[in-house]
There are 2 protein chains.
Amino acid sequence: MGTTKSNNFTAAQNRKAELYKALGHPARIAIIEFLIRKNSCVCGDIVDQLPLSQSTISQHLKELKQVGIIKGEIEGVKMCYCIDDKIWSELKEMNNSLIDSYAINDKCC
Amino acid sequence: MGTTKSNNFTAAQNRKAELYKALGHPARIAIIEFLIRKNSCVCGDIVDQLPLSQSTISQHLKELKQVGIIKGEIEGVKMCYCIDDKIWSELKEMNNSLIDSYAINDKCC
DNA sequence: TTTATCTATCGCAATATTACGATTAAATAA
DNA sequence: TTATTTAATCGTAATATTGCGATAGATAAA
């Protein structure tokens, strides 16, 4: 136990959950908002922006990288991170297909 | 440790993370998709739709209820669940302010 | 070369999540 | 009243997540 039973759900459901889960932490939201604000590669100074230790931030960056939301490139001694356009499009579509598929109807309880 | 340091982030960042986190499990995605497909109150038969035990599903419903995404009402011996229009609107706006705020630019790595 | 800088990873501890069976509680049906 | 049905909650076990300090590795600067 303690493990999500992914096998019992569709690939689409698992992918949605995976992406939303990656967004499900304030530090990762903060990282993404910072990258969006900069609107380009951000080299090095993410650690200065967050109230967490370097190792913890590195871990959060890794999680975002693993699901594809951001990508990183070595620039000399620094790492440059940015939003991955392709996955961001996937996220946008996924999100729209979920959110917009519900028509607000006021029919309920 | 093991606890998210919510105090160090803005209320908006924490709320976003909280909502995305609630969506970050395939069972909860499946529940929401089912409610949307029905497009009305769903009384009783959620347990038949998912490959998880009754108690586990009850827990997932509780989490969705806690962040406000769904609401439930007692109908006799059954529980009726549906999407909460108000929070769904909040979710929509939140997405706009995050997902749509990034203009794909191809400027990066 | 040596030193400084930056980031990933390791190891650990604390807490959270996932899942299930058993039980409880509440409403309906017999 | 006594079943029966339905869903929440309790207790427990296994695994995952969060966070940090310490360390390692790689590049640049002196």
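Quick caveat: nothing in here was measured; it's all calculated off a predicted structure. Every chain is numbered from 1, with letters handed out A, B, ... down the list of sequences.
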Without decimals, in angstroms, what is the distance between [X] [atom1] and [N] [atom2]?
X	N	atom1	atom2	value
Lys5(B)	dA13(C)	NZ	P	19 Å
Lys62(B)	dC20(C)	NZ	C1'	16 Å
Glu75(B)	dT5(D)	CD	P	19 Å
Leu50(B)	dT6(D)	CG	C1'	16 Å
Glu73(B)	dA8(D)	CD	C1'	17 Å
Gln59(B)	dG21(C)	CD	P	13 Å
Lys71(B)	dA7(D)	NZ	C1'	20 Å

Nearest 0.5 Å, please: how far is CG in Leu91(A) from CD1 in Ile87(A)? 9.0 Å
Nearest nucleotide by nearest heavy atom, which residue falls closer to the 5' end of DNA chain D, Leu52(A) or Lys65(B)? Lys65(B)
Residue whose closest nucleotide on DNA chain D lies nearer the 5' end, Ile74(A) versus Ile57(B): Ile57(B)
Between Trp88(B) (side chain only) and Ile99(A) (backbone N and O only), is there a donor and an acceptor less than 3.5 Å apart? yes
Filter on ring-ring contact (aromatic ring centres under 6.0 Å, His included), then keep only pairs touching residues 30-53 of chain A, sequence neighbours left out; what's left? none
Could you name each residue pair satisfying ring-ring contact (aromatic ring centres under 6.0 Å, His included) that touches residues 42-71 of chain A, not counting sequence neighbours? His25(A)-His60(A)
For [X], enumerate each residue passing the side chain to side chain contact (heavy atoms under 4.5 Å, CB included) test, keeping only those at least two apart in sequence or located in another chain.
X	answer
Asn14(A)	Ser6(A), Phe9(A), Pro26(B)
Val47(A)	Gln54(A), Ile57(A)
Ser101(B)	Ile36(A)

Is Thr56(A) close enough to dC20(D) that one of its side-chain N or O atoms is under 4.0 Å from OP1 or OP2 there? yes
State which residues pass salt bridge (charged side-chain N to carboxylate O under 4.0 Å, His left out) with Arg15(A); sequence neighbours excluded, sorted by chain then number. Glu18(A), Glu90(A)
For Glu75(B), enumerate each residue passing the salt bridge (charged side-chain N to carboxylate O under 4.0 Å, His left out) test, keeping only those at least two apart in sequence or located in another chain. none
For nucleotides 2-7 of chain C, 5' to 3', base contacts (B), sugar-phosphate-only contacts (S) and non-contacts (-) with protein non-hydrogen atoms under 4.0 Å give ---BSB
hbond_proxy Ser53(A) side chain to dG19(D) base (donor-acceptor, 3.5 Å cutoff): no
Listed once per pair and sorted, the salt bridge (Lys or Arg N to Asp or Glu O under 4.0 Å) pairs that draw on residues 43-52 of chain B, sequence neighbours left out: none
Sorted by first residue and then second, give each salt bridge (Lys or Arg N to Asp or Glu O under 4.0 Å) pair with at least one member in residues 54-67 of chain A; sequence neighbours left out. Arg28(A)-Glu63(A)
Kindly check if Cys41(B) and Cys82(B) bring their SG atoms closer than 2.5 angstrom. no
Select from Gly76(B) and Gly24(B) the residue whose nearest nucleotide in DNA chain C is closer to the 5' end of that strand. Gly24(B)
Just the atom pairs and distances: protein N or O near nucleotides 1-4 of chain D's N or O, under 3.5 Å.
none

N/O-N/O pairs, protein side and nucleotides 14-17 of chain C side, under 3.5 Å:
unit_1: dA14(C); atom_1: N3; unit_2: Met1(B); atom_2: O; d: 3.4
unit_1: dA14(C); atom_1: N3; unit_2: Gly2(B); atom_2: N; d: 3.4
unit_1: dT15(C); atom_1: O4'; unit_2: Met1(B); atom_2: O; d: 2.7
unit_1: dT15(C); atom_1: O3'; unit_2: Thr3(B); atom_2: OG1; d: 3.2
unit_1: dT17(C); atom_1: OP1; unit_2: Lys21(B); atom_2: NZ; d: 2.7

